[in-house]
Student: 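Have a look at this one before I ask anything.
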Amino acid sequence: MPERPKISSTELGTLWMTYQQKTMILRMLEYFIEKADDEEAKNIMTSLYEQIDPCVKKIIEIFESEGAVVPVGFTAKDVNKGAPKFMIMDSTLCLLD
């Protein structure tokens, strides 16, 4: 079986940016889920979180298999879940479009 070619720098850059975006969305969702009063909105955001999280893990696998540095991305240290709820929480789902 022939070896597969390494991914290109363009592909690596795209993965890097995607990783940054997805980890930011996950952190936002964690905050919004924590603060949500509406059960339906909370379920939608939880479902979205469950869809995005495996993508982030797959990107990490790709970086590791390529011998590339895994970006730091956004972490739990970047979010203060104890911060007061936004006044516009009813519009949270609009932010996720």
Side-chain angles (χ1 to χ4, degrees):
M1 182 180 208
E3 282 190 40
R4 65 175 175 77
K6 289 231 176 238
I7 63 173
S8 70
S9 59
T10 303
E11 293 167 328
L12 195 61
T14 300
L15 279 174
W16 188 284
M17 289 203 25
T18 301
Y19 183 82
Q20 296 295 331
Q21 293 168 343
K22 300 278 187 208
T23 57
M24 180 182 66
I25 292 168
L26 288 176
R27 302 301 79 84
M28 289 173 60
L29 285 170
E30 288 168 355
Y31 174 82
F32 291 145
I33 290 167
E34 178 95 11
K35 300 295 181 181
D37 293 329
D38 183 300
E39 203 58 40
E40 184 179 359
K42 190 175 196 172
N43 290 337
I44 291 169
M45 291 184 287
T46 301
S47 175
L48 181 58
Y49 186 95
E50 291 169 352
Q51 291 174 32
I52 294 173
D53 191 50
C55 294
V56 170
K57 290 176 180 163
K58 181 63 178 172
I59 293 171
I60 291 170
E61 286 178 24
I62 293 169
F63 276 114
E64 290 172 344
S65 72
E66 291 293 321
V69 175
V70 177
V72 173
F74 290 85
T75 68
K77 293 178 183 178
D78 296 313
V79 178
N80 178 4
K81 289 187 187 175
K85 186 164 83 167
F86 286 131
M87 297 302 291
I88 56 169
M89 282 300 287
D90 293 337
S91 303
T92 301
L93 294 178
C94 295
L95 293 172
L96 300 175
D97 282 341

Student: Identify the two heavy atoms, one from Gln20 and one from Pro71, that lie closest to each other, and give their separation to 0.1 Å.
Tutor: NE2-CB, 3.4 Å
Student: Could you work out, with salt bridge (Lys or Arg N to Asp or Glu O under 4.0 Å) as the rule, every residue matching Glu64, not counting sequence neighbours?
Tutor: none
Student: Using every non-hydrogen atom in the two residues, find where Ala76 and Arg27 come nearest and quote the distance to one decimal.
Tutor: N-CD, 3.8 Å
Student: Quick one: pull up CD1 in Ile52 and CD in Gln21 and give me the separation to the nearest 0.5 Å.
Tutor: 10.5 Å
Student: Do the side chains of Val70 and Val72 join up, straight or via other hydrophobic residues, at under 4.5 Å, putting them in one cluster?
Tutor: no
Student: Can you sort out the partners of Gln51 under side chain to side chain donor-acceptor pair (under 3.5 Å), two or more places apart, ordered by chain and number?
Tutor: Ser47
Student: My understanding is that only residues two or more places apart in sequence, or in another chain, count here; which of them pass salt bridge (Lys or Arg N to Asp or Glu O under 4.0 Å) with Lys57?
Tutor: Asp53
Student: Quick one: pull up CG in Leu12 and CZ in Phe63 and give me the separation to the nearest 0.5 Å.
Tutor: 5.0 Å
Student: If you apply the rule side chain to side chain contact (heavy atoms under 4.5 Å, CB included), what do you find for Leu26 with Tyr49, and how did you get there?
Tutor: CA-CA 6 Å; Leu26 288 176; Tyr49 186 95; 3.4 Å; yes
Student: For the atom pair CD1 (Ile59) and CE (Met17), what is the distance rounded to the nearest 0.5 Å?
Tutor: 11.5 Å
Student: Give, for atom CZ of Phe74 and atom CE of Met24, the distance between the pair rounded to the nearest 0.5 Å.
Tutor: 6.0 Å
Student: Less than 4.5 Å apart, side chain to side chain, heavy atoms only: is that true for Tyr19 and Ile60?
Tutor: yes
Student: Tell me, do Leu15 and Ile7 make a side-chain contact under 4.5 Å, heavy atoms counted?
Tutor: yes
Student: Which atom pair, heavy atoms only, marks the closest approach of Lys6 to Glu66?
Tutor: NZ-O, 3.2 Å
Student: Starting at CE of Met45, measure out to CE of Met28 and round the result to the nearest 0.5 Å.
Tutor: 10.5 Å
Student: Starting at CG of Leu29, measure out to NZ of Lys42 and round the result to the nearest 0.5 Å.
Tutor: 13.0 Å
